[in-house]
Amino acid sequence: MALKATIYKAMVNVADLDRNQFLDSNLTLARHPSETQERMMLRLLAWIKYANERLQFSRGLSAEDEPEIWQRNDHMGIDLWIELGLPDEKRLKKACSQSGEVALFTYNSRAAEIWWQQHQNKLKQYQNLSIWYLDDEQLAKLCEFGTRSMNLQATIQDGAIWLSNAENNLEIHFTAWQHH
């Protein structure tokens, strides 16, 4: 019997002072049985970082040829491709050729640092690729916000994300391993 995805709902208010982007969104995240809480919450945070009306979650882990999150334009082209984890260089090359902008969110400290050492020289050639790293400590704190029904406020200023709900406040700083 196939395991079904667990559905999470997130009401998110984003005030991005860096990009002058303000919106309220009701998001539905389907957490695939093989997806960890950390990965799902990082996926949500990636959406918040690039939030806008057209940014959508794709079919994720069940669609290998799609990014985790994407922003498509009126001509069905991809303006923004958001990837998670530690993909191989071939996948990032494909993303960079198919999309105007690509953002990769990495996590899992030891594995991510080894991956970055192995790939950074090759990845520097992709002018439209940004790589954001979130350390284990911040990711663990982010997971405390992960409930089946979330009501989150996010304020972004000077690259920092202040995330809050009724019980918690968290200041998050990604490390830019590569930023265009």
Side-chain angles (χ1 to χ4, degrees), residues 8-29 31 35-57 60 67-71 79-87 92 95-96 99-113 115-117 119-120 123-124 126-147 149-180:
Y8 288 74
K9 300 278 187 184
M11 286 178 54
V12 184
N13 170 269
V14 177
D16 187 334
L17 305 176
D18 292 345
R19 296 185 305 136
N20 207 22
Q21 184 76 259
F22 303 90
L23 59 119
D24 285 303
S25 292
N26 288 315
L27 304 174
T28 300
L29 289 99
R31 182 174 158 198
E35 186 174 37
T36 63
Q37 178 84 353
E38 288 82 5
R39 190 178 191 285
M40 183 195 73
M41 290 305 293
L42 183 59
R43 195 157 45 102
L44 177 58
L45 192 64
W47 187 93
I48 289 169
K49 182 168 177 55
Y50 285 92
N52 78 50
E53 301 284 340
R54 299 187 80 138
L55 194 59
Q56 297 179 332
F57 294 106
E68 290 293 332
I69 305 169
W70 56 7
Q71 180 180 324
D79 290 334
L80 173 61
W81 176 303
I82 296 179
E83 195 72 37
L84 261 68
L86 306 171
L92 291 172
C96 288
S99 178
E101 184 180 358
V102 178
L104 170 64
F105 288 83
T106 65
Y107 62 104
N108 187 341
S109 294
R110 275 210 308 283
E113 287 163 10
W115 177 90
W116 179 235
Q117 286 171 356
H119 292 85
Q120 62 182 323
L123 297 179
K124 285 196 188 321
Y126 302 116
Q127 299 299 308
N128 60 337
L129 173 64
S130 293
I131 301 174
W132 303 102
Y133 166 71
L134 189 64
D135 63 65
D136 293 349
E137 185 181 342
Q138 291 185 93
L139 188 55
K141 289 178 181 167
L142 175 64
C143 284
E144 294 172 16
F145 288 83
T147 59
S149 182
M150 296 175 255
N151 195 337
L152 304 173
Q153 288 74 46
T155 303
I156 303 171
Q157 188 171 18
D158 299 329
I161 300 174
W162 283 274
L163 194 64
S164 62
N165 62 16
E167 298 84 36
N168 296 307
N169 291 297
L170 177 61
E171 184 178 341
I172 298 168
H173 294 271
F174 284 104
T175 302
W177 279 354
Q178 179 169 314
H179 187 52
H180 68 91

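This structure is a prediction, so every number in the text was calculated from the model and none was measured. Residues: numbered from 1 along the sequence shown.
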Compare every heavy atom of [Y] with every heavy atom of [X], then report the nearest pair and how far apart it is.
X: Glu144; Y: Asn168; answer: O-ND2, 4.0 Å
X: Ile131; Y: Trp116; answer: CD1-CZ3, 3.4 Å
X: Leu129; Y: Cys96; answer: CB-SG, 3.8 Å
X: Ser130; Y: His179; answer: OG-ND1, 3.2 Å

Q: Among residues two or more places apart or on two chains, list those pairs meeting salt bridge (Lys or Arg N to Asp or Glu O under 4.0 Å) that have a residue in residues 45-55.
A: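 Residue pairs passing salt bridge (Lys or Arg N to Asp or Glu O under 4.0 Å), neighbours aside: Arg54-Asp74.
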If we only count heavy atoms from C-beta on, is the [X] to [Y] side-chain gap below 4.5 Å?
X: Val14; Y: Ser25; answer: no
X: Leu80; Y: Tyr50; answer: yes
X: Trp132; Y: Thr106; answer: no

Residues 150-164, side-chain donor-acceptor partners within the protein, below 3.5 Å, at least two apart:
from   : atom 1 : to     : atom 2 : distance (Å)
Trp162 : NE1    : Glu171 : OE1    : 3.3

Q) Ion pair present between Glu35 and Arg31, side-chain N to carboxylate O less than 4.0 angstrom? A)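 So Glu35 does not pair with Arg31 through a salt bridge.
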Q: Walk me through it: do Leu27 and Phe57 pass the test side-chain contact (heavy atoms from CB on, under 4.5 Å)?
A: CA-CA 9 Å; Leu27 304 174; Phe57 294 106; 4.1 Å; yes
Donor-acceptor pair, distance only, cut-off 3.5 Å: does the side chain of [X] make one with the backbone of [Y]?
X: Gln178; Y: Leu123; result: yes
X: Gln37; Y: Gly146; result: yes
X: Ser99; Y: Val102; result: no
X: Trp70; Y: Ile82; result: no

(Q) Within the 3.5 Å criterion, strictly below it, is a donor on Lys9 or Ser149 matched to an acceptor on the partner's side chain? (A)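 On atom types as modelled, these side chains do not qualify, holding no pair under 3.5 Å.
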Q) Looking just at side-chain N and O atoms, do Ser109 and Asp136 make a donor-acceptor pair shorter than 3.5 Å? A)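 The criterion, which ignores hydrogens and geometry beyond distance, is satisfied for Asp136 and Ser109.
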**Q.** side chain to side chain contact (heavy atoms under 4.5 Å, CB included) partner of Val12, chosen from Leu23, Asp24, Ile48, Asn26
**A.**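 In the set Leu23, Asp24, Ile48, Asn26, the residue that makes a side chain to side chain contact (heavy atoms under 4.5 Å, CB included) with Val12 is Ile48.
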Q | Contacts of Glu83 that satisfy salt bridge (charged side-chain N to carboxylate O under 4.0 Å, His left out) - sequence neighbours left out | A | Arg91
Q. Partners of Glu137 by salt bridge (charged side-chain N to carboxylate O under 4.0 Å, His left out), sequence neighbours excluded?
A. Lys141
Q.
Applying ring pair (Phe, Tyr, Trp, His ring centres under 6.0 Å), can you list everything that pairs with Tyr133, at least two apart in sequence or on another chain?
A.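 Ring pair (Phe, Tyr, Trp, His ring centres under 6.0 Å) check on Tyr133 returns Trp177.
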**Q.** ring pair (Phe, Tyr, Trp, His ring centres under 6.0 Å) partners of His173, counting only residues at least two apart
**A.**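 Once residues adjacent in sequence are excluded, His173 has no partner under the ring pair (Phe, Tyr, Trp, His ring centres under 6.0 Å) criterion.
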Q) Step by step, would you call Arg39 with Tyr107 a side-chain contact (heavy atoms from CB on, under 4.5 Å)? A) CA-CA 8 Å; Arg39 190 178 191 285; Tyr107 62 104; 3.4 Å; yes
